[in-house]
Structure formats: C-alpha cells, structure tokens
Amino acid sequence: MSERLWPEDGELVVCTVVDVKDFAAFVTLDEYEGRQGLIPISEIARGWIKYIRDYIREGQKVVCKVLHVDTSRGHIDLSLKDVNDHQRREKIQEWKNEQKAHKWIGFAAEATGINPAEIIDPLRAEYSLFYPLFEELVIQGDDALRRFNLPDPVIEALMNVAAENVKVQRVMISGIIDMMSDKPDGVNIIRRALRSAETKIPGVDVDITYLGAPRYQVKVTATDYKVAEKAIEKVTSNVIGVVERAGGTGKLIRKQK
C-alpha cells in the first residue's frame with residue numbers, strides 16, 4: 001500500500017483487471033486503495049489487435065506504466081505494452097514483498113498490543129518500502145530501528161519476525177594480499193596490519209587466512225557484489241597501508257569472484 005494517494009507519471013503499478021471491453025480494459029490499482037485506471041486498446045500490445053481478450057482478461061494481475069494522472073477528474077491512463085518482462089517480474093516481486101512486510105508489521109503490532117499505525121508512521125519518514133527494512137534488520141541487527149525511538153518490545157517483535165521470515169542472499173569474493181616487512185619487528189607490523197582488517201562494516205564479514213609467507217587470503221562476504229567490492233578495497237587498503245607506513249611493502253595481487 002502506497003502512502004501517496006495517486007501514482008506518478010512513469011511509475012509502474014500492479015493492477016487487477018476488472019472489465020474488458022472491445023476498446024479498452026478497466027483495472028484497479030492494487031497499491032492505491034483500488035483507484036481505477038484505463039488501458040486503451042492502443043496500449044494493450046504492440047501491433048494490430050484483433051481480439052483484445054487474446055491479451056488481457058478479467059481477474060488478471062498486470063503491471064502497467066502510468067501514462068497520465070488527472071486527479072481532478074479521477075482519471076488514470078495506463079500502458080501495458082510499455083512494460084517489459086523484466087520490469088513486470090521485478091514489480092510483482094516488489095509488490096509481493098511489500099504485502100509480506102505489512103503482514104509482518106501486523107504480527108509485531110499484535111504481539112505487542114499496539115496499533116500497526118504506531119509502527120508504520122515513524123518508519124514512513126525514512127522508508128517508502130518496508131521489505132528493505134526487514135532485510136536491514138537481518139544484516140545490521142536492531143541498530144536499524146533504534147533511531148525511530150520505538151518501544152523495546154516492538155523492536156524485539158520486529159527482529160523476531162525478520163529472523164523467522166527473511167533470508168538475505170550473500171555473495172563472497174576473495175583476494176590475495178602479498179605483504180612483507182624486513183624490519184626487526186616485522187612480525188608485529190604484520191600482526192597490526194591484519195588487525196586493521198577487523199574494521200566493522202555493516203552487513204559484511206571479513207576472514208583472512210595465512211597461506212604461507214608472504215601471502216594472505218582475504219575473503220569478504222556481503223549482500224551483493226557491489227558492497228563486497230567496496231569492502232575488500234577498504235580492508236586491503238587498511239592492511240597494506242599499515243605495512244607501507246612501517247616501511248614494508250604490500251599489494252593485492254589477485255582478486256576474484
């Protein structure tokens with residue numbers, strides 16, 4: 001359910017087809033409290049259409065692109081043909097995830113005896129979608145909620161729901177660090193360098209394994225490759241920086257997914 005009363009031009013929306021005529025299809029917008037929209041036959045599919053019901057039927061869930069919104073007249077013009085398969089799959093998944101997230105908030109509200117609005121309203125200031133919040137709870141813990149000043153029982157209930165229902169995909173990349181120090185205290189320098197890899201990065205796990213002098217393997221596990229790449233760059237930069245500042249040498253000689 002969107003916090004806005006009307007969709008915006010260009011937005012993708014999930015709709016339920018309620019009536020199909022020879023010239024158009026009429027739908028309700030599931031995320032906007034059932035507001036009605038119209039898909040003219042020219043926006044149903046590309047090319048000439050002989051029978052509109054070959055492309056769309058009553059009761060069907062479709063993803064449409066908003067072409068124009070006239071709030072004064074209550075008209076929403078939509079296009080079905082302007083949505084490709086990838087966009088449709090992503091939007092449907094997002095919609096399903098949001099339905100789950102609202103249900104989970106309801107569970108937390110019921111468990112703590114408060115109105116769901118008392119949870120939703122503070123979160124709306126920062127989240128337009130709630131499913132990503134539950135992913136953050138799994139990755140970051142309750143720190144993701146503390147800034148909203150929610151009661152501790154509510155935070156605990158939301159954490160429990162997230163732990164039970166959300167499985168966050170993880171990816172791992174690795175690299176090999178080659179570092180040396182010929183200083184008398186070189187062993188301690190290397191130890192300090194390795195300790196610098198313990199920098200906490202939210203949602204990221206770092207593991208360094210000794211492969212045999214002068215090589216160390218660093219493995220970074222994160223929620224996606226972009227986060228992992230940034231993390232391994234930060235970790236290796238910290239490690240190599242300690243060695244180089246102490247007069248040694250270091251480099252990342254191999255990095256692979």
Side-chain angles (χ1 to χ4, degrees), residues 1-8 10-16 28-35 61 63 66 69 71 76 87-172 197-207 220-231 234-235:
M1 184 69 67
S2 174
E3 65 180 28
R4 290 183 281 111
L5 296 177
W6 295 90
E8 298 176 347
E11 182 178 345
L12 298 183
V13 290
V14 177
C15 306
T16 301
T28 56
L29 280 65
D30 293 20
E31 299 155 289
Y32 290 91
E33 298 185 350
R35 289 195 182 278
K61 290 286 185 190
V63 176
V66 178
V69 178
T71 57
I76 303 174
Q87 291 172 318
R88 179 183 58 79
R89 286 193 299 269
E90 283 204 335
K91 180 60 184 179
I92 287 292
Q93 188 60 57
E94 176 189 283
W95 173 70
K96 288 180 177 179
N97 286 344
E98 280 307 289
Q99 287 188 312
K100 293 176 186 176
H102 279 267
K103 185 182 295 184
W104 298 337
I105 290 173
F107 291 160
E110 183 177 358
T112 53
I114 68 172
N115 190 307
E118 295 180 54
I119 301 176
I120 290 174
D121 290 347
L123 298 178
R124 278 294 187 202
E126 205 164 308
Y127 292 91
S128 58
L129 299 174
F130 290 144
Y131 189 84
L133 166 64
F134 285 95
E135 291 182 316
E136 287 183 23
L137 296 183
V138 173
I139 297 170
Q140 300 179 15
D142 60 11
D143 287 346
L145 288 173
R146 292 295 175 188
R147 61 186 181 276
F148 296 104
N149 296 317
L150 293 169
D152 286 344
V154 172
I155 292 177
E156 182 179 357
L158 290 171
M159 288 295 301
N160 289 338
V161 170
E164 291 172 3
N165 294 280
V166 179
K167 305 300 179 187
V168 178
Q169 181 181 359
R170 309 279 285 177
V171 299
M172 189 274 289
E198 298 174 359
T199 301
K200 295 296 183 182
I201 304 174
V204 174
D205 296 323
V206 178
D207 179 61
V220 171
T221 305
T223 53
D224 59 55
Y225 283 112
K226 185 176 181 180
V227 172
E229 290 288 354
K230 288 184 177 180
K234 180 176 182 179
V235 168

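Only a predicted model underlies this, so the values are computations on that prediction, with no experimental measurement involved.
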Which pairs of donor and acceptor atoms, one on a side chain in residues 146-155, lie under 3.5 Å apart (sequence neighbours left out)?
{"from": "Arg146", "atom 1": "NH1", "to": "Asp152", "atom 2": "OD1", "distance (Å)": "2.7"}
{"from": "Arg146", "atom 1": "NH2", "to": "Asp142", "atom 2": "OD2", "distance (Å)": "3.0"}
{"from": "Arg147", "atom 1": "NE", "to": "Glu126", "atom 2": "OE1", "distance (Å)": "3.3"}
{"from": "Arg147", "atom 1": "NE", "to": "Glu126", "atom 2": "OE2", "distance (Å)": "2.9"}
{"from": "Arg147", "atom 1": "NH1", "to": "Ala144", "atom 2": "O", "distance (Å)": "3.0"}
{"from": "Arg147", "atom 1": "NH2", "to": "Glu126", "atom 2": "OE2", "distance (Å)": "2.7"}
{"from": "Arg147", "atom 1": "NH2", "to": "Tyr127", "atom 2": "OH", "distance (Å)": "3.0"}

Just wondering, do [Y] and [X] contact through their side chains at under 4.5 Å, heavy atoms?
X	Y	answer
Phe134	Ile105	yes
Ile76	Tyr32	no
Lys100	Phe130	no

Query - Glu94/Lys91 ion pair, N-O < 4.0 Å - result: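 Looking at Lys91 together with Glu94, the answer is yes, because their closest N to O distance falls below 4.0 Å.
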Quick check: closest heavy atoms across [X] and [Y], and the distance to 0.1 Å?
X	Y	result
Val220	Ala228	CG1-O, 3.9 Å
Trp95	Asp30	CZ2-OD2, 3.6 Å
Leu12	Glu31	O-OE1, 4.4 Å
Pro7	Val13	CB-CG1, 4.1 Å
Ala162	Val138	O-CG2, 3.7 Å
Pro122	Ala117	CD-O, 4.0 Å

Query raised in the report: Does atom CD of Glu110 have more than 12 heavy-atom neighbours, drawn from other residues, nucleotides or ligands, at distances under 6.0 Å?
Result: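 No, the 6.0 Å shell around CD holds no more than 12 heavy atoms from other groups.
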Query raised in the report: Do other residues, nucleotides or ligands put more than 12 heavy atoms under 6.0 Å from Lys61 NZ?
Result: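 Buried by this count: over 12 neighbours within 6.0 Å.
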Requested in this report: Check each of Ile120, Asp121, Ile119 against Leu123 using the side-chain contact (heavy atoms from CB on, under 4.5 Å) test, and report the only one that passes.
Outcome: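 With Leu123 as partner, side-chain contact (heavy atoms from CB on, under 4.5 Å) holds for just one option, Ile119.
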Requested in this report: Please collect all ring pair (Phe, Tyr, Trp, His ring centres under 6.0 Å) contacts where either partner lies in residues 149-172, sequence neighbours excluded, each pair once.
Outcome: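 Ring pair (Phe, Tyr, Trp, His ring centres under 6.0 Å) check on residues 149-172 returns no pairs.
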Nearest-0.5 Å distance that lies between atom [atom1] in [X] and atom [atom2] in [Y]:
X	Y	atom1	atom2	value
Leu137	Met159	CG	CE	5.5 Å
Glu136	Leu145	CD	CG	9.0 Å
His102	Tyr131	NE2	OH	13.5 Å

Requested in this report: Apply side-chain contact (heavy atoms from CB on, under 4.5 Å) to Arg35 and Thr28, showing your working.
Outcome: CA-CA 5 Å; Arg35 289 195 182 278; Thr28 56; over 6 Å; no
Query - Pairs involving residues 153-166, ordered by first then second residue, that meet side-chain hydrogen bond (donor to acceptor under 3.5 Å, both in side chains) (sequence neighbours left out) - result: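 The answer is none; no pair qualifies.
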